[in-house]
2 protein chains.
Amino acid sequence: MSEIRARFHYDHPRPGVATDMVLFKARQGEVHVLMIERGENPHKGKLALPGGFLRPDEDLDTCVLRELAEETGVTHVTPYHFANFSTPGRDERWVVSAAYFALLPHDAEPVVQPGSDAATAGWYSLEEARARKLAFDHARILEAAVTAVGARLDDPVIAKAVLGMMPPAFTLSDVQRIHEQFRGEALDRGNFRRKLKIMQLMDLIERTGETQRTDETGKGPRHRPAEYYRLRKKPASLPRPQRARP
Amino acid sequence: MSEIRARFHYDHPRPGVATDMVLFKARQGEVHVLMIERGENPHKGKLALPGGFLRPDEDLDTCVLRELAEETGVTHVTPYHFANFSTPGRDERWVVSAAYFALLPHDAEPVVQPGSDAATAGWYSLEEARARKLAFDHARILEAAVTAVGARLDDPVIAKAVLGMMPPAFTLSDVQRIHEQFRGEALDRGNFRRKLKIMQLMDLIERTGETQRTDETGKGPRHRPAEYYRLRKKPASLPRPQRARP
DNA sequence: CGAATAGTGTCTCTTAGACAGTATTGC
DNA sequence: GCAATACTGTCTAAGAGACACTATTCG
């Protein structure tokens, strides 16, 4: 807080207000998180979640999307707020953070371009991210985000977004693996597939006809190869409650 | 923002960070909300939710309890964060608010003493509160709080807290009425009572032996009188997984 | 064949929603 | 008796958990 350049004055002390984004991506059946390497102090050089300070003309949802775009180039994601982090000392500059998660659709731009505040931006598997020393309390935020997604996998909106994360060709076991990493426990195969049907998620995808054996070298795993699926272009059979005017 | 008295200086503009508490109470089968009449501008004289600004040495949970105690004298409640409110212009001073709800146990002090910032503090029925013009966006916060509680009535912790709100003698229909006001819809009597059993909430209460007819003047309603219940002192039959050492 | 994973089906238990039937009061 | 609310029970359907059986590949 350099007194010389300070241009904003208040009667009472004010914390910084920031947002942090935990952006998840599915890569080869593994959940990955978008992290940046901090380009400035504090915690310069450490891995951190993308995010930044609130501006006067925006709300928190807008802020988290703007910062994500600025720091990593990622757009077109839906942010879900899941918790605030305000423990004194979590950031030596006194910053309160609203934490969000989002699930990156596979077709979204993976541009991931380092921006102003970020030296580098890149994807890290959950395992990697957990092994690294993260800036601030971002390790706690990450864990809370994983739990938050896991708790909302029964929400059709979130479950649908998980399907949207999948690559052009994926197996149902791949989807199950993603769910398991968010839930933190193994799921029964039969029950999981039944759930996909009940939630009408099977209507959103279709078989490609390919299997794990028929791709590339014609070589498969040493077990029954799984069917590949893809997202349907459009749920063509949208119910039309009204007919065109005469 | 009087430039003269300003003692805190920052390089970037910072919003005020506040908390707001929606404290619910059950009174005669009706949900009531604790509100204060604002003693200062902006919105002086209007009804508002208790709450206030975050201090440097506390987190948001602490802040909301401190402000509640200062403004209304209420202590010993558990705060549940349910949403942030940050729309630009919601407060002309640029304030971001973390909103909480809590359910007042009946045995808690209803002292409700006006404090520094509040001219008066008092309880208002949901109907009253909804009819009044509230300060800032507190009408929206109130509605969001009601919905948030309604969505969490299946959570044993919240359902238990609702029982804790009830007066010394209450009927099961009273409890149902409280649930209905949070849920915003009528509930089936049979199904509701079954739920109380399934959630083991019936273990927490017991019949007083009195009915609506046997109280006071011996006069009752013109229909079958309901049984009165009260909270059990202690769930005396706590499962003892281990026996005392010899 | 055995190991490993994919895919499907089944049994049971819990819970939710709808609703019927009885009970007890005042008027 | 009638109106109104309290209390209890039943029928059915949906969903979850556990688990078994078959299928298909590689080595």
Side-chain angles (χ1 to χ4, degrees), chain A residues 28-30 150-156 159 166 169-180 183-202 205-230, chain B residues 28-30 150-156 159 166 169-180 183-202 205-230:
Chain A
Q28 323 181 44
E30 293 277 319
R152 294 190 60 173
L153 286 175
D154 289 332
D155 179 338
M166 306 308 292
F170 59 91
T171 70
L172 296 186
S173 294
D174 289 337
V175 182
Q176 183 176 340
R177 264 188 287 275
I178 301 298
H179 277 243
E180 286 173 339
R183 291 278 299 272
E185 62 181 3
L187 298 175
D188 179 88
R189 216 178 19 257
N191 297 343
F192 178 74
R193 284 157 194 256
R194 183 180 50 196
K195 187 125 193 172
L196 290 182
K197 283 182 198 130
I198 288 176
M199 295 182 77
Q200 298 181 314
L201 295 174
M202 295 302 288
I205 62 179
E206 62 190 359
R207 285 194 161 139
T208 68
E210 306 285 302
T211 72
Q212 282 178 326
R213 189 175 130 284
T214 52
D215 69 345
E216 301 179 13
T217 60
K219 193 175 130 194
R222 50 180 289 209
H223 57 73
R224 177 174 178 177
E227 293 281 342
Y228 276 129
Y229 283 79
R230 65 174 160 238
Chain B
Q28 323 181 41
E30 293 277 319
R152 295 189 60 174
L153 286 175
D154 289 332
D155 180 338
M166 305 308 292
F170 58 91
T171 70
L172 296 186
S173 294
D174 289 337
V175 182
Q176 183 175 341
R177 264 189 287 275
I178 300 298
H179 277 243
E180 285 173 338
R183 291 277 299 272
E185 63 182 3
L187 299 175
D188 178 89
R189 215 176 21 252
N191 296 343
F192 178 75
R193 283 157 194 256
R194 183 179 51 196
K195 186 125 194 173
L196 289 182
K197 283 183 197 129
I198 289 177
M199 296 182 78
Q200 297 180 313
L201 295 174
M202 294 302 288
I205 61 180
E206 62 190 358
R207 284 194 163 140
T208 67
E210 307 284 301
T211 71
Q212 282 178 326
R213 191 175 130 283
T214 52
D215 68 346
E216 301 179 14
T217 59
K219 195 175 128 193
R222 49 179 289 209
H223 57 72
R224 176 175 178 175
E227 293 281 341
Y228 277 128
Y229 284 79
R230 63 174 162 238

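Letters go in sequence order (proteins before strands), and every chain restarts at 1.
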d([atom1], [X]; [atom2], [N]) in whole Å:
X	N	atom1	atom2	answer
Leu172(A)	dT5(C)	CG	C1'	13 Å
Arg193(A)	dG17(D)	CZ	P	17 Å
Arg177(B)	dA4(D)	CZ	C1'	13 Å
Glu227(A)	dA23(D)	CD	P	15 Å
Asp174(A)	dA6(C)	CG	C1'	12 Å
Gln200(B)	dT14(C)	CD	P	13 Å
Gln212(B)	dA6(D)	CD	P	7 Å

Check your understanding: Who are the salt bridge (Lys or Arg N to Asp or Glu O under 4.0 Å) partners of Glu206(A), not counting sequence neighbours?
Key -> Arg230(A), Arg232(A)
Practice item. Not counting sequence neighbours, which residues clear salt bridge (Lys or Arg N to Asp or Glu O under 4.0 Å) with Arg152(B)? List them please. Key: Asp155(B)
Review point. Closer to the 5' end of DNA chain D via nearest nucleotide, is it His223(A) or Arg224(B)?
Key: Arg224(B)
Contacts under 3.5 Å, N or O only, protein and nucleotides 12-16 of chain D:
unit_1	atom_1	unit_2	atom_2	d
dA16(D)	OP1	Lys195(A)	NZ	2.5
dA16(D)	N7	Arg194(A)	NH2	3.3

**Study point:** Proximity to DNA chain D (any heavy atom under 4.0 Å), residues of residues 183-190 of chain A only
**Key:** Asp188(A)
Exercise for review: Could you check if a side-chain atom of Glu227(B) sits within less than 4.5 angstrom of a side-chain atom of Ser173(B), using non-hydrogen atoms only?
Suggested key: no
Under the side-chain hydrogen bond (donor to acceptor under 3.5 Å, both in side chains) rule, collect the residues that match up with [X], sequence neighbours excluded.
X	value
Arg222(B)	none
Arg189(A)	none
Arg177(B)	Asp174(B)
Gln28(A)	none

Review point. Can you name the side-chain contact (heavy atoms from CB on, under 4.5 Å) partners of Pro156(A), sequence neighbours left out?
Key: Met199(A)
Exercise for review: Please identify each residue that fulfils side-chain contact (heavy atoms from CB on, under 4.5 Å) with Asn191(B), with sequence neighbours left out.
Suggested key: Asp188(B), Arg194(B)
Review point. From the list dA3(D), dC26(D), dG7(C), which nucleotide is the closest neighbour of the side chain of Arg222(A)?
Key: dC26(D)
Practice item. Can you figure out which of dA6(C), dT24(C), dT8(C) approaches the side chain of Arg207(A) most closely? Key: dT8(C)
Check your understanding: Atom CG of Leu172(A) and atom CZ of Arg193(A): how far apart are they, to the nearest 0.5 Å?
Key -> 4.5 Å
Point to revise | Interatomic distance, Asp154(A) atom CG to Arg183(A) atom CZ [nearest 0.5 angstrom] | key: 6.5 Å
Review point. So how far off straight is the helix from dC1(C)-dG27(D) to dC27(C)-dG1(D), going by the axes through five pairs at either end, to 10°?
Key: 10°
